[in-house]
Undergrad: 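What follows is a structure written as structure tokens; I'll ask about it next.
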Amino acid sequence: KLTRLRWNGHKVYPFALKVADILDGVEDTLQMMATQDAQKAFLKDREKSLFGTYEADLRKMSRSQGKVLVKLISRETGNSSYDLIRNYKNGASAIFWQSIGLNFGISQ
């Protein structure tokens, strides 16, 4: 089990570091924007570009790799995945994705 965990951590750790860097950049950009409409448009555009870039890699991950990724993102950013989704999307999306995560055994 430890070998498998170490392998999964080695595979997803670069993604966790990228997420932390991306979130820092997004937060800096959002603070410079004046209106909420501009912030929402920026977040929507950024989400589309990130899905296009990383969706294929994330879909290839196993469930155990997803669990490790969520935990590493939580450690790197200092926020749970629920808090991140609630801050950048809305509470309904956060509840939806939290329930999906609970169905797959991811409780972060």
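All values reported here derive from a predicted model rather than from experimental measurement.
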Undergrad: Do Lys1 and Leu5 have side chains that get closer than 4.5 Å, going by heavy atoms?
TA: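 They are not in contact (no side-chain heavy atoms under 4.5 Å apart), so the answer is no.
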Undergrad: Is it the case that the side chain of Asn87 and the backbone of Asp83 share a donor-acceptor pair, with hydrogens and angles ignored and the cut-off at 3.5 Å?
TA: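 Answer holds: yes.
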Undergrad: Is Tyr82 linked to Val19 within one hydrophobic cluster, defined over Ile, Leu, Val, Met, Phe, Trp and Tyr using a side-chain heavy-atom separation of less than 4.5 Å?
TA: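 No, because Tyr82 and Val19 fall into different hydrophobic clusters, even though each may have its own neighbours under 4.5 Å.
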Undergrad: Quick check on the hydrophobic clustering: are Leu58 and Phe96 connected, directly or via other members, by side-chain heavy-atom contacts under 4.5 Å?
TA: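 Unlinked, Leu58 and Phe96 end up in two clusters.
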Undergrad: Counting distance only, does the side-chain N/O of Thr29 pair as donor-acceptor with the main-chain N or O of Gly25 below 3.5 Å?
TA: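 Checked: pair present.
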Undergrad: Decide whether Tyr54 and Leu17 are clustered together by the hydrophobic rule: side chain heavy atoms of Ile, Leu, Val, Met, Phe, Trp, Tyr closer than 4.5 Å, transitively.
TA: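 Yes, Tyr54 and Leu17 fall within the same hydrophobic cluster.
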Undergrad: Is it true that the NZ or CZ of Lys18 lies under 6.0 Å from the centre of Phe15's six-membered ring and within 45 degrees of the ring axis?
TA: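 Cation-pi check for Lys18 and Phe15: passes.
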Undergrad: Is Phe42 reachable from Met32 through a run of hydrophobic residues whose side-chain heavy atoms are each under 4.5 Å from the next?
TA: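 Shared cluster, no.
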Undergrad: Is the closest side-chain donor-acceptor distance between Tyr88 and Gln39 under 3.5 Å?
TA: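 No.
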Undergrad: In Å and rounded to the nearest 0.5 Å, what is the CG to CG distance from Leu84 to Leu23?
TA: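 With rounding to 0.5 Å, CG (Leu84) is 6.0 Å from CG (Leu23).
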Undergrad: List the atom of Ser74, the atom of Ser80, and the distance in Å for their closest heavy-atom pair.
TA: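 Closest approach of Ser74 to Ser80: OG-CA, 4.1 Å.
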Undergrad: Kindly give the heavy-atom pair with the smallest separation between Ser81 and Gln98, and that separation in Å.
TA: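 Taking Ser81 first and Gln98 second, the nearest heavy atoms are OG-OE1, 4.4 Å.
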Undergrad: Could you check whether any side-chain N or O of Gln65 sits under 3.5 Å from a backbone N or O of Ser62, counting only pairs where one atom can act as donor and the other as acceptor?
TA: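 At least one qualifying donor-acceptor pair exists.
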Undergrad: Can you tell me how far CG of Leu72 sits from NZ of Lys67, rounded to the nearest 0.5 angstrom?
TA: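 Result: 14.0 Å between the selected atoms.
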Undergrad: Output, in order, the C-alpha distance, side-chain angles, deciding distance and verdict of side-chain contact (heavy atoms from CB on, under 4.5 Å) for Met61 and Asp57.
TA: CA-CA 7 Å; Met61 288 185 186; Asp57 292 331; 5.6 Å; no
Undergrad: Give me the atom names and distance for the closest heavy-atom approach of Arg86 to Gly91.
TA: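 Nearest pair, atom of Arg86 first, then Gly91: CG-CA, 4.2 Å.
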Undergrad: What distance do Asp21 atom CG and Glu76 atom CD have between them, rounded to the nearest 0.5 Å?
TA: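 Rounded to the nearest 0.5 Å, the CG-CD separation comes to 8.5 Å.
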Undergrad: Is there a continuous path of hydrophobic side-chain contacts, each under 4.5 Å between heavy atoms, that joins Leu69 to Ile106?
TA: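 No: no chain of side-chain contacts under 4.5 Å links Leu69 to Ile106.
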Undergrad: What's the separation between atom CG in Leu50 and atom CG in Leu43, rounded to the nearest 0.5 Å?
TA: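 Reported to 0.5 Å precision, the distance equals 10.5 Å.
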Undergrad: Hey, what else clusters with Trp7 if you join Ile, Leu, Val, Met, Phe, Trp, Tyr whenever side-chain heavy atoms sit under 4.5 Å?
TA: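 Answer for Trp7: none, a lone residue.
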Undergrad: Return the minimal non-hydrogen interatomic distance between Asn8 and Ser64, and the atom names on each side.
TA: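 Nearest pair, atom of Asn8 first, then Ser64: ND2-OG, 3.1 Å.
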